[in-house]
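First the proteins, then the strands, lettered A, B, ... as listed; each starts at 1.
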Amino acid sequence: MTRFYVTTPIYYVNAEPHLGHAYTTIIGDALTRWHRLLGDDVTYLTGTDEHGLKIQQAAEAANVTPQEFTDSIAPKFAAAWEKLNIANDDFIRTTEPRHKAAVAELLQRCYAAGDIELDTFAGKYCVACEEYYQDDELDKDAEGEANQCPIHHRAVEFFEEENYFFRLSRFEDRLLDWYAAHPTAMTPEQRGNEAIGLIKSGLRDFSISRTSLEWGIPLPWDEKHVTYVWFDALTNYLAAAGFGDGTDAYKDNWPADFHLIGKDIVRQHCVYWPAMLMSAGIELPKGWAIGGWLLSGGEKMSKTAGNVVNPLDLIDDIGLDGFRYYVLADTTYGNDGDFTWEGLVGRYNSDLANNLGNLAARVATVVAKKCDGLGTAPAPDSPLAAVAAQAYADTAASWTSVQPSRALDATWSLIRATNSHLETNEPWKSEPGADVDRVMGDALEALRIVAVLVHPAMPDTAQALWERIGMAGNVVDQRLPDAAAWGQYTAGSVVTKGDALFPRIKL
RNA sequence: GGCGGCGUAGCUCAGUUGGUCAGAGCAUCCGGCUCAUAAUCGGAAGGUCCUCGGUUCAAGUCCGAGCGCCGCUACCA
């Protein structure tokens, strides 16, 4: 069985889950559901990033311990994914023992390899923020010197701190060589090019520890230091596979097939992370899928702009699958998408209500009137057979290249062709008989295949459609490509109409 | 400033290695149909493929320059 291991970024628990988190997580869910249909042994991982100064400060502000603070937020992510019907196999928190063990092991390996060294970090530090700033981030003082904290408007101080550094600069050539040997590792291609550009423009060593920080994982060989950000966060992907338990069992799940990431964390995932793995002598991931942002009304969501969208509110208005479908179908993966209510309703009405939902309804009605409510057999030589084969091939190819919007468009070509097929034959005008039976069988068979193909995007809808056309069992148990082959609809099945799958929504 | 990306129909986007590549969906208009959720089907209209120049028998596709938009420049799906 083919293993298929996909990860989302772990989400920082200083904020509650929002549309952006949901966007990436839904894409990963659909992608992994597709691979389950293919019969792959799938592991879909998501989780939460819980260490660092911001959490420490937020906990202090809330007058609780950092652990209590993260314990209160992390479940909100897990709960949100449950509501969005996310079928993740694991949910990792960076405060778990398995994660801490993996981080310690990875650090130790890189340290042993000589790629982590003690050095001096010097910079301008705001005591109030407890953060270092670059010159261009600071405001200028009366003499024109860049030394005013932009937040606290007070002078920063020049601090020196002993930090451990990861010698990223040593990996430039090795990374370029690796990517040259694996040209399709990053998708879409233009996003991959940006990562290559980052490497070519020169790599600097980066600091991996702080002595001023308490809420984190200590370095195994120097416990005064706590790991800072990336050695902690990125390692979750390895930890969930079992790395750090003292055995090589993690290799059963590693390497990951895809790290799903946003365009803003390309440097860390496509440059830092493979270099860290190279240093530790661990196999690199097979792929990175790099998405854009889902904007809201053309702008990045922010509280001040007042355009924050809560995905869970949308479900109440348009239904879970309507929302999932919109997110997947209306954005080109790799580019920014734009969430608007008008766009959501437009997509929903045209694709779901008018096309898919209405097709299911009209088929059920005609079967009731002309076939006694019992499904009939499709014609082996139906013109829809070729359309279905092409739709499957295109859908599969698009999921393989992590392009959900194209995959769904390919699936919809079969829905449109089925509506057209009905118009061509007008079974509602004919007397019951072989001709009507054949056409309705074609339509039912097309709906059967559609139910399977839309499952990754809309699991509940797929199952509902499956049951309405009278198929037994569950869509999730279907296996591709066999299930997409023409001619498997079971004649004699009871077809039921039911309420509209997707009631039209008025704007 | 540096690096990178993008610019194809009103909108969102497809367009392998240059040779029916000028396309799809939505929106618009016209017509048909009335089984269906005022749904659907057919047809039409709509583009100097950002601009200029170059290579070529042939360029949306390659090269150069320019214009415009955007991202990254080291916390952030």
Side-chain angles (χ1 to χ4, degrees), chain A residues 8-12 14-15 17-28 46 49 52-54 131-132 134 136 168 188-204 206-207 228-230 233 260-268 271-272 290-294 300-301 329-332 334-338 342-343 346-347 349-370 398 403 405-406 408-410 412-413 416 418-430 436 440 443 497 499-506:
Chain A
T8 71
I10 48 173
Y11 305 115
Y12 204 50
N14 66 338
H18 62 253
L19 186 62
H21 301 123
Y23 176 57
T24 304
T25 309
I26 288 171
I27 289 168
T46 187
D49 184 9
L53 186 64
K54 284 183 184 172
E131 267 190 271
Y132 285 95
Q134 301 287 324
D136 58 5
L168 183 67
E189 194 179 353
Q190 69 266 23
R191 292 286 177 201
N193 289 343
E194 292 181 21
I196 301 291
L198 288 177
I199 300 169
K200 285 184 176 165
S201 68
L203 299 179
R204 276 190 259 156
F206 64 95
S207 163
Y228 181 67
V229 187
W230 297 110
L260 246 46
I261 62 173
K263 64 182 183 180
D264 50 315
I265 49 175
V266 165
R267 174 186 300 278
Q268 291 75 23
V271 183
Y272 291 10
I290 305 160
W293 298 98
L294 186 54
K300 189 169 172 177
M301 274 183 289
D330 209 59
T331 62
T332 300
N335 293 354
D336 286 348
D338 188 19
E342 292 74 17
R347 264 289 169 186
N349 278 340
S350 67
D351 292 357
L352 298 180
N354 297 354
N355 266 300
L356 176 55
N358 183 55
L359 174 62
R362 68 195 302 205
V363 166
T365 299
V366 178
V367 168
K369 289 185 177 175
K370 305 285 184 181
S398 293
Q403 285 294 340
S405 63
R406 292 191 211 175
L408 290 167
D409 188 51
W412 250 252
S413 69
R416 292 186 208 105
T418 304
N419 270 319
S420 178
H421 187 60
L422 291 175
E423 295 291 332
T424 303
N425 291 283
E426 300 183 306
W428 46 85
K429 283 185 174 175
S430 308
V436 170
M440 298 321 294
K497 183 169 181 184
D499 295 336
L501 273 178
F502 299 102
R504 275 183 66 87
I505 293 177
K506 295 233 164 50

Subject >> Base versus backbone protein contacts along nucleotides 24-35 of chain B [heavy-atom cut-off under 4.0 Å; B, S, -] >> reply: -S------BSSB
Original post:
If the sugar-phosphate is the primed atoms plus P, OP1 and OP2 and the base is the rest, what is the B/S/- string for nucleotides 1-9 of chain B, using protein heavy atoms under 4.0 Å?
Top reply: --SSS----
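Computed from coordinates, the A/Asn335 CG to B/A14 C1' distance equals 12 Å when rounded to whole Å. What separates CG of A/Asp264 from C1' of B/U73 is a distance of 14 Å, to the nearest Å. Remark: C1' of B/U16 and CD of A/Glu189 are 11 Å apart, rounded to the nearest angstrom. Put simply, CG on A/Leu359 is 14 Å from P on B/A36, counting in whole angstrom units. Rounded to an integer number of Å, the gap from A/Asn349 CG to B/A38 C1' is 12 Å. Following rounding to the nearest Å, A/Leu352 (CG) and B/U37 (P) show an atom-to-atom distance of 17 Å. Protein atom CG of A/Asp338 is 9 Å distant from nucleotide atom P of B/U12, rounded to whole Å. Between A/Gln268 atom CD and B/C72 atom P there is a gap of 12 Å when expressed in whole angstrom units.
Surrounding CD of A/Glu189 are at most 12 heavy atoms belonging to other residues, nucleotides or ligands under 6.0 Å away.
Contacts of A/Leu294 with the nucleic acid, taken as non-hydrogen atoms under 4.0 Å apart, include base atoms. Using a 4.0 Å heavy-atom cutoff across all strands shown, A/Phe502 reaches at least one base atom of the nucleic acid. A/Gly291 comes within contact range of no nucleotide atom at all, as no heavy-atom separation falls under 4.0 Å. Within 4.0 Å of A/Lys506, counting heavy atoms only, lies no atom of the nucleic acid at all. Heavy atoms of A/Gly262 sit under 4.0 angstrom from primed sugar atoms or phosphate atoms, though from no base atom. Within 4.0 Å (heavy atoms only), A/Leu501 reaches at least one base atom of the nucleic acid.
With sequence neighbours left out, the side-chain contact (heavy atoms from CB on, under 4.5 Å) criterion links A/Asp338 to A/Leu295, A/Thr340.
Across the strands present, B/U28 finds its partner in B/A44; the criterion is a Watson-Crick or G-U wobble pair with both atom distances under 3.5 angstrom. Nucleotide B/G1: paired with B/U73 (Watson-Crick or G-U wobble, both distances less than 3.5 Å). Here B/G53 sits opposite B/C63 as a Watson-Crick or G-U wobble pair (both hydrogen-bonding atom distances under 3.5 Å). Nucleotide B/C6 forms a Watson-Crick or G-U wobble pair with B/G68, both donor-acceptor distances falling under 3.5 Å.
If you take atom P in B/U55 and the same atom in B/G25, they sit 39 Å apart, rounded to whole Å. Spacing between B/U28 and B/U40 at atom P, rounded to whole Å, works out to 11 Å. Distance check on atom P: B/A9 versus B/G43 gives 23 Å, rounded to whole Å.
For B/A77, the base has no donor-acceptor partner in the side chain of A/Tyr12 [N/O atoms by modelled type, under 3.5 angstrom]. In the interface, the side chain of A/Lys54 is paired with the base of B/C75 through a donor and an acceptor atom under 3.5 Å apart.
Side-chain contact check for A/Tyr11 and A/Thr24: no donor-acceptor pair (N or O, by modelled atom type) lies under 3.5 Å. Counting only N and O atoms by type, the side chains of A/Ser430 and A/Lys370 include no donor and acceptor under 3.5 Å apart. Looking at A/Tyr23 and A/Thr331, their side chains do bring a donor and an acceptor atom within 3.5 Å of each other. Residues A/Asn354 and A/Arg504 have side chains that bring a donor and an acceptor to within less than 3.5 angstrom of each other.
Under the 30°/60° scheme for interplanar angles, the aromatic rings of A/Tyr272 and A/Phe206 are found to lie parallel.
Close to B/A14, at under 4.0 Å from its OP1 or OP2, lies a side-chain N or O of A/Arg406.
Of the candidates A/Arg416, A/Arg362, A/Lys429, A/Glu423 forms a salt bridge (Lys or Arg N to Asp or Glu O under 4.0 Å) with just one, namely A/Arg362.
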